[in-house]
Structures are given as structure tokens and as C-alpha cells.
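Worksheet for the structure shown next.
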Amino acid sequence: SAVISQKPSRDICQRGTSLTIQCQVDSQVTMMFWYRQQPGQSLTLIATANQGSEATYESGFVIDKFPISRPNLTFSTLTVSNMSPEDSSIYLCSVAPSGPGQGAGNIQYFGAGTRLSVL
Amino acid sequence: AQKVTQAQTEISVVEKEDVTLDCVYETRDTTYYLFWYKQPPSGELVFLIRRNSFDEQNEISGRYSWNFQKSTSSFNFTITASQVVDSAVYFCALAGTYKYIFGTGTRLKVLA
């Protein structure tokens, strides 16, 4: 398993500003992911954070809105840019420790999330 | 396309009752993995179980048990003798690759 620390745990932001969320893992991991969970909804994958290269974004999510950094195997940040009330969600970081093959079916371990409210 | 359906939005039970959470999935992959996670009010998703598509053996862990049936594409989760601490949102997920497809979750309320 892995221990994940996510900061901040919650924030209230003004429309048009940006917030950077940090995810720190207690061990080196191959794969890190960022999810969004809108109020009362399921989890949606935003992107896979790749170490040393650009993140891989899912359909509907773009780098200009959600820039991601991954400088090493234990740390990543997600920025929510130019926020609007529609960005009010829980943002979760997850990691999948190295496994066989292409990582199919690897167990993902999640941080406690960042509760973001945009006014 | 892959899909996970958790038809039960919310379930309320009285403590010590048994409860089953349903999960139905769709995939064309022959190799895939199924998961259950618990999300307590604190927000962190807690891993409960992983099954691969070739292992249909049911599993029991304490008060928790899982029933995997490929014939009906279901992976149901039963809590025996429920407790108030079991109150949470439970998510079923499917993965053919490293990407998870989550269901919409079932909120379980266990009343004292």
C-alpha cells in the first residue's frame, strides 16, 4: 500500500483565481492520477501524471485548465485555473504502485481529497 | 464501451441487519479487474477488494463477502451484521487497463 498526503484538504476560492493542489506519496510510485468528484457524483479521471513528461489528459479535460506537474516519483501537483463555480468539487490524487505488465488492474490508493468551493 | 452500474443510490438499514450492494458491469475485454472501495465521510477512498476476471471464487473477509458471477456480469458486496461504522459511500470499479471506470456509488446508512 501507499500513504498519500494531499494539501490543502479544503479551500474556498474566488471566481477567476487558481488553486494548486499537492500530492505527496511516502514511496516511489510509477503511476499517479488526478480525479474529480463533483457533489454527489462518481469519480472522473482528469489525467495521468507522468514523471518527467506531460500529463495524459482524458476527454473533456485540457492542460490549460488543469496543468499538472510531476517532478519526481513521489510528488505531483494539479492546478485548477481560472476557476468558476462549476469547478466546485472534490479533487483526489491516487497512486498505483508498480505492478506487472502495463499496470492493468493495479490497486489504486487514494488521498483524502481536496474539497474546493468556488464563489 | 465499459460501464459500471450501481442501481442502488442509497440504502438504509438498522444495525445488525445484513445488506447487499449490487454492482453490474459491461466490458468486451476478456481480462479485466473489479474493485470495491469505501468512501467514509472523511473523503478518502479505502480499497476493499480486487478480483480478476478469471477468478470467480467468492471471497469472505470478516463481515464482508463478495459474490462474483461472470454469467450475470455482477460483483455484489454483502455486509453481514452491519454496524454504524459501515456507513459510507461504496464504489464499484472496473479496469481493463490501468484506468478505472467507477460506478455512481451506493450510500449506505446504518442506523443505531
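Numbers restart at 1 for each chain; the letters A, B, ... are given by sequence-line order, proteins then strands.
Only the side chain of A/L45 has a heavy atom closer than 4.5 Å to any heavy atom of chain B. The contact between B/Q39 and chain A is made entirely by side chain atoms (from C-beta outward), counting heavy-atom distances below 4.5 Å. With a threshold of 4.5 angstrom between heavy atoms, A/Q37 approaches chain B through side-chain atoms but not through N, CA, C or O. Neither the backbone nor the side chain of A/S9 comes within contact range of chain B; no heavy atoms are under 4.5 Å apart. Of the atoms belonging to B/Y37, it is side-chain heavy atoms, and not backbone ones, that fall under 4.5 Å from chain A. For A/L92, the part lying under 4.5 angstrom from a heavy atom of chain B is the side chain only.
Distance alone, capped at 3.5 Å, places no donor-acceptor pair between the A/Y109 side chain and the B/L45 backbone. Checked by atom type and distance alone, the side chain of A/S42 pairs as donor or acceptor with a backbone atom of B/G103 at under 3.5 Å.
Between A/Y35 and B/F102 the shortest side-chain heavy-atom distance falls below 4.5 Å. Contact of the B/K99 side chain with the A/E58 side chain is registered, since non-hydrogen atoms from C-beta on lie closer than 4.5 Å.
Residue-environment remark: CD1 (B/I60) stays at or below the threshold of 12 foreign heavy atoms within 6.0 Å. More than 12 non-hydrogen atoms from other residues, nucleotides or ligands lie less than 6.0 angstrom from CG of B/L111. Annotation: B/K70, atom NZ; neighbour count of heavy atoms from other residues, nucleotides and ligands within 6.0 Å is above 12. Crowding of B/R107 atom CZ: a count of heavy atoms from other residues, nucleotides or ligands under 6.0 Å not exceeding 12. In the displayed structure, B/Q57 atom CD is contacted under 6.0 Å by at most 12 heavy atoms of other residues, nucleotides or ligands.
B/I79 and B/F35 fall into different hydrophobic clusters, defined by Ile, Leu, Val, Met, Phe, Trp and Tyr side-chain heavy atoms under 4.5 Å apart, directly or through other members. Under the 4.5 Å side-chain heavy-atom criterion for grouping Ile, Leu, Val, Met, Phe, Trp and Tyr, A/I107 is not connected to B/V4 through any hydrophobic cluster. Hydrophobic clustering (side-chain heavy atoms under 4.5 Å, transitive across Ile, Leu, Val, Met, Phe, Trp, Tyr) groups B/F77 together with B/Y25.
Atom-to-atom distance recorded for B/I101:CD1 and A/L43:CG is 11.5 Å, nearest 0.5 angstrom.
Between A/F110 and B/F47, a ring centre-to-centre spacing not shorter than 6.0 Å is recorded.
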